[in-house]
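All of these numbers come straight from a predicted model, not from anything done at the bench. As a basis for the values below, the full set of heavy atoms in this structure was taken, side chains included, without hydrogen atoms, waters or symmetry mates.
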Amino acid sequence: MRKNFTVLNIRSVTQLILFLWMLVSAAMQTNGQSLGPENRWLQGLGIRSIGPAGMSGRVTSIAGVRQDPSVLYIGTASGGLWKSESGGTDWKPIFDQQPTQSIGAVAIDPGNPDVIWAGTGEGNPRNSQNNGAGIFRSLDGGRSWTCMGLQQTRAIHRIIVHPDDPNTVYAAALGSAWGPNPDRGVFRTRDGGQHWDKILFVNDSTGCADLVIDPRNPNKVFAAMWEYGRKPWNFTSGGKGSGLYRSYDGGGTWVNVTADKNSGLPEGNLGRIGLAISASEP
């Protein structure tokens, strides 16, 4: 880190000296003077901006259309939602007119690739995290968007669209990183986002860090719950609210797998858990 910092400083100083040299050279030329051969060396150089530069931040979510692999969507931490129709060669922003540019999750309806869901609020609670403004839906491949609720969840890290029922959607909400709030956990809609039910809630400091369903049995759902909190000077990961939960009825009832001492999972306070289910052997 120190070596890179030193190299960056040397480059910056060199660029500054070169810039000042160009100014002096131009001023002396104006007065009919010349600096000699070095003046010719600078004739091909022009003044250009070297920063600061804008950025979209971290890529937080990626989704692709199964029916057409050339269509891709990526969500970014602070630069909105982007779409490619060329397999990633070219990208265009499709969320610029919405109230936030922080994206935590993107999901595509498996049966209709024109239906896109975007959960706002980055799900990585860094000290530079941006809050979201709810969950949004597009019915035309990202050309227009409608907010479908969950505005107080602050950060939505995962969205799952039911493979057989497009009106059933799950949202994993981390909640506010900066203090307790009750709008966190697992939410489910059965009417395409008109109404949401909070189907898994542990406490007001524990959010859902990951969510997966069995690809062969969509009623089998796993949720990774994570108790955490961020301060400007500190970060707390893990607590009594953390744990792995499982449902066999689509989120109607849940069992805390980590509460079973014979589960094989570690005991004590757990940090953030990531989840995946093998499609070939769920």
Is atom CZ of Arg190 surrounded by more than 12 heavy atoms (other residues, nucleotides or ligands) closer than 6.0 Å?
-> no
Within one Ile-Leu-Val-Met-Phe-Trp-Tyr cluster: Trp91 and Leu81, side-chain cutoff 4.5 Å | no
Has the side chain of Thr258 got a donor or acceptor atom that lies under 3.5 Å from a matching backbone atom of Gly243?
-> no
Closest heavy-atom pair and its distance - Tyr245, Asn256 = OH-ND2, 3.4 Å
Quick one: does Arg246's side chain have a donor or acceptor within less than 3.5 Å of a partner on Phe222's backbone?
-> no
Hey, does the side chain of Ser102 reach the backbone of Asn130 with a donor-acceptor pair shorter than 3.5 angstrom?
-> yes
Worked check of side-chain contact (heavy atoms from CB on, under 4.5 Å) between Ile273 and Trp226 = CA-CA 7 Å; Ile273 300 172; Trp226 181 33; over 6 Å; no
Between OG of Ser144 and CD of Gln98, what distance do you get to the nearest 0.5 Å?
-> 8.5 Å
Of all the heavy-atom pairs spanning Trp117 and Arg137, show the shortest one and how long it is.
-> CZ2-CD, 3.5 Å
What closest approach, in Å, do Leu174 and Arg184 show between heavy atoms, and which atom pair accounts for it?
-> O-NH1, 2.9 Å
Any Pro215 side-chain heavy atom under 4.5 Å of Ile277 side chain = yes
Pairwise side-chain contact, Asp204 with Asn181, heavy-atom cut-off 4.5 Å (strictly under) = no
Same cluster (ILVMFWY, side-chain, under 4.5 Å), Met225 and Leu211 | yes
Measure the spacing between CD1 of Ile74 and CD1 of Ile103 and express it to the nearest 0.5 Å.
-> 10.5 Å
For residues Phe235 and Arg126, determine if any side-chain heavy atom of one lies less than 4.5 Å from a side-chain heavy atom of the other.
-> no
Could you check Asp114 against Asp140 for side-chain contact (heavy atoms from CB on, under 4.5 Å), going step by step and ending with a plain yes or no?
-> CA-CA 5 Å; Asp114 286 334; Asp140 51 17; 5.8 Å; no
Whether Asp197 side chain and Ile199 backbone form a donor-acceptor pair below 3.5 Å | no
What about Met148 and Phe187, same hydrophobic cluster or not, with Ile/Leu/Val/Met/Phe/Trp/Tyr joined at side-chain heavy-atom distances under 4.5 Å?
-> yes
Atom CD1 of Ile156 and atom CG of Leu150: how far apart are they, to the nearest 0.5 Å?
-> 5.0 Å
Could you state whether Ile160 and Val186 fall into the same hydrophobic cluster, counting links through intermediate Ile, Leu, Val, Met, Phe, Trp or Tyr residues with side-chain heavy atoms under 4.5 angstrom apart?
-> yes
Is there a side-chain contact between Trp196 and Val169, using heavy atoms and a 4.5 Å cut-off?
-> yes
Does Phe95 have any ring pair (Phe, Tyr, Trp, His ring centres under 6.0 Å) partners at least two apart in sequence or in another chain, and if so, which?
-> Phe136, Trp145
Note, Ser176 side chain near Gln152 side chain (heavy atom, < 4.5 Å) | no
For the atom pair CG (Asp90) and OG (Ser84), what is the distance rounded to the nearest 0.5 Å?
-> 6.5 Å
Charged N to carboxylate O under 4.0 angstrom, Lys240 versus Glu227?
-> no
Does some side-chain heavy atom of Pro113 sit less than 4.5 Å from a side-chain heavy atom of Val71?
-> no
Thr206 side-chain N/O to Asn203 backbone N/O, donor-acceptor pair under 3.5 Å = no
Would you confirm whether Asp260, through its side chain, and Asn262, through its main-chain N or O, come within 3.5 Å as a donor-acceptor pair?
-> yes
Do the side chains of Thr236 and Tyr228 get nearer than 4.5 Å, heavy atoms only?
-> no
Taking C-beta and beyond as the side chain, do Val106 and Ile159 meet within less than 4.5 Å on heavy atoms?
-> no
What about Val161 and Ile108, same hydrophobic cluster or not, with Ile/Leu/Val/Met/Phe/Trp/Tyr joined at side-chain heavy-atom distances under 4.5 Å?
-> no
Under the 3.5 angstrom rule, does the side chain of Thr120 hit a backbone N or O of Ile135 as a donor-acceptor pair?
-> no
Taking all non-hydrogen atoms of both residues into account, name the closest pair between Leu72 and Gly64 and its distance.
-> CD2-CA, 3.9 Å
Evaluation steps, side-chain contact (heavy atoms from CB on, under 4.5 Å), between Trp82 and Ile94 | CA-CA 6 Å; Trp82 297 73; Ile94 59 173; over 6 Å; no
Does Pro182 offer a backbone N or O that forms a donor-acceptor pair with the side chain of Lys198 under 3.5 Å?
-> yes
Could you tell me which non-hydrogen atom of Arg58 sits nearest to which non-hydrogen atom of Ser128, and how far apart they are?
-> NH2-OG, 3.7 Å
Closest non-hydrogen atom pair between Ala223 and Cys208, with its separation = CB-SG, 4.1 Å
When you measure from the side chain of Ser86 to the backbone N and O of Thr89, does any donor-acceptor pair fall under 3.5 Å?
-> yes
Hey, could you give me the CZ/CG distance between Arg158 and Leu275, rounded to the nearest 0.5 Å?
-> 8.5 Å
Output the distance between atom CD1 (Ile213) and atom OH (Tyr170), rounded to the nearest 0.5 Å.
-> 7.0 Å
Passes side-chain contact (heavy atoms from CB on, under 4.5 Å), Leu265 versus Leu244? Steps please.
-> CA-CA 9 Å; Leu265 293 171; Leu244 176 63; 3.9 Å; yes
Sidechain-backbone polar pair: Thr100 side chain, Gly132 backbone, donor-acceptor under 3.5 Å | no
Going by the salt bridge (charged side-chain N to carboxylate O under 4.0 Å, His left out) test, which pairs reach into residues 92-110, not counting sequence neighbours?
-> Glu85-Lys92
